[in-house]
Amino acid sequence: MSDTVIRVENLGKKYIIGHQQQERYTALRDVLAYKAKGMTQLFKPKSKIQNPKSEEFWALKDVSFEVKRGDRIGIIGRNGAGKSTLLKVLSRITEPTEGRISIKGRVASLLEVGTGFHPELTGRENIYLNGAILGMSKVEIRHKFDEIVAFAEVEKFLDTPVKRYSSGMYVRLAFAVAAHLEPEILVVDEVLAVGDAAFQKKCLGKIEDVAEKEGRTVLFVSHNMATIQSLCNQIIFLNRGQVQAIGNPDSTIQLYLDEGVTSEDWSDLHKITQRRGEGALKFSRLALLNDQEKLVNAALSGEKLTFRLYFSSFSEKYTYKNCRIGIAISSISGAKIVLSTEMICQDEVDIRDGESLDFCIEKLPLTEGGYSLMLFAESNGIIQDWITEGIQFSVEGGDFYGTGKPCPPGHQGKSILVDFSVRKSCYEYSK
Amino acid sequence: MSKLKIKRRRASSAPGDTELIIEAGRTEKNYWQDIWRYRELFYFLAWRDILVRYKQTAIGVGWALIRPFLTMVVFTVVFGRLANLPSDGVPYPILVFSAMLPWQLFSTALSECSNSLIANANLLSKVYFPRLVVPTSAVVVSFVDFAISSIILVALMVWFAYVPSWRIVTLPLFTLIALAASMGVGLWMASLNVQYRDFRYIVPFLVQFGLYISPVGFSSNIVPDQWRLLYSLNPMVGVIDGFRWAILGDEASIYWPGFSLSVSLVMLLLVSGIWYFRKMERTFADVI
């Protein structure tokens, strides 16, 4: 018996995407209107045009790889590279358009913790429901029940509807159910973006246990390179639906960082799908400006940098009152290093469709390297848009201290620079 | 499109015991096996819907009694007293309620079924299971309501000292036909609803409209003979006539040509509903 648990051969997934279509779903009237348009063209064969509204889009193309038992595979790539589609196909949520996958063993996917949780039901009821949705049998759930409750630390609230849970408790319970699934193959997508630091650590520990002690296979998608690096023994780097590289973590991540950071495009932030919030008010565009208000692709350490955030909303007339906008910068490995938010610094602002907001950093304290940016917008206490992953920018080495000396190697992208002064002082001992 | 195979032996805890092959297209046989394998999920979804239905309501299950009871009272007054329609020698409330039961079953099952996929959109786009589990388990909830409101029928019979004949034992058969009718229409509506949200406006209209064109408040005997076959094109006519035939005993006659027409229509709806659902199913996760 070979040790290959997943074999993916020439996998492809095609979507038909519509242009100009702003609606989230098709309405019958559009279809009828479109059909009617097609009818009129029957009588005017010359004006025949190709369907301009839709276009084929290959979310995955010719993807092939093998996974051995006990491997911990990290899947990395920029937004839209096909990571989530790959996991969806692997967990049978959507069908591939072409190619073939053979999987040995039970697959459980944690595409989002808490899938199927019902707010009205109690913790106890939700454990059973969620377990069943994830593929556990009733007997299995009963067997693991105490373990799940202990892991989630919610003993006292078992008979409280989960709508009264704090978000931390909710996530803990959801992850606890999923973590006790004991599948042969565990598929995880970005779950660790939630919960407090201690719980994240616990989750990572649990995943490591699953992989190392129990010899199970884990497929893990994340933007957090530090987590991926510590967890995975092999990395698949996806780019535009194709496998760009497969290999050991260090070299593949390096490849991704080199590639990822230089070719970012922030002109259409709507493309980012990993965002939370109401979505009535959204970040539409980001521009980096230097001290002469000129557009730049990369920032320069020690210089003035402006993040110009453009907003779009459903209605041009509506004004979003009392907005609190925040940005945070983190190193590419996932550690937050700069947090600058309206919430702690300044008064609230009102924002309308098409307006923009500037965040200026007078003297950029970041060292050379790649960084990712988090954007947050809230209006009247309701979170409108929250992008935590997917915007990356790079900083070129500059002359922060004006001494002409570069930042020492090993600190790039990891340390920040602050102004300081050195003064010699001498103490007189009067004795 | 390439042929699809899903080979899988019974999922057991021993790793490597099972092999799953995912390709474009899927075969019928494996699909029905999968439904069987996911029967526990079916129970859990139905259990969840039943639990949630009357949570945080003051009188809870009482709603399953009050709504049909009040409708029955109104219909009895309007059709029995004001319009003075014939009741074939049966107390009018019993005549109305024997039709109200299948109609309530049909209408709630149809609405639950059509909305089930949209209501469970987060499940559909995150977890794999045979999608047919969702609308089917939604129908179970309406069946529970149906069982509860049958208590009213029993109470009415006791009140009017009305003894049903042996035909009452055929009632489960007619209940099945009513469920089949709601599933048939419901599956069409559910799959169309995923694609075109217009259908969520059509369903309440259909249910309201159907109440007037179905013989709920009156006996279908008042329809002139030459129109009865045409009238039976409404599948609920056959179901309601069947219910009355089973509950009211000798006082109710059934128009058999019309009944068989209704039942064949129900079967056609059910089979085509399942066919259309299966056809649309593979794109649900992409478009929902």
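No hydrogens, no waters, no symmetry mates; every other heavy atom, side chains included, goes into these values. Residue numbers start from 1 in every chain, and the chains themselves are labelled A, B, ... in the order their sequence lines are given, proteins ahead of strands. Treat the numbers as computed from the prediction; the structure is a model and nothing was measured.
- Heavy atoms from other residues, nucleotides or ligands lying under 6.0 Å from CH2 of B:W63 number 12 at most.
- Between chain A and the residues B:L45, B:V133, B:L124, B:V52, the most heavy-atom pairs under 4.5 angstrom are made by B:V52.
- Contact of A:T122 with chain B is made through backbone and side chain together, with heavy-atom distances under 4.5 Å.
- For B:L192, no part lies near chain A; criterion is any non-hydrogen pair under 4.5 Å.
- In this structure, the portion of A:L90 lying under 4.5 Å from any heavy atom of chain B is its backbone and not its side chain.
- Under 3.5 Å, the side chains of B:D49 and B:S137 contain no donor-acceptor pair of N or O atoms.
- Ring pair B:F277/B:F284 is perpendicular by interplanar angle, where above 60° counts as perpendicular and below 30° as parallel.
- Looking at B:F199, the atoms closer than 4.5 Å to chain A (heavy atoms on both sides) all sit in the side chain, from C-beta outward.
- Residues A:I101 and A:R7 fail the side-chain proximity criterion, which asks for heavy atoms closer than 4.5 Å.
- Contacts with chain B were tallied for A:E125, A:E140, A:E9; A:E125 has the most, counting heavy-atom pairs under 4.5 Å.
- Ring to ring, A:F175 and A:Y170 are not that close: their centroids are 6.0 angstrom or more apart.
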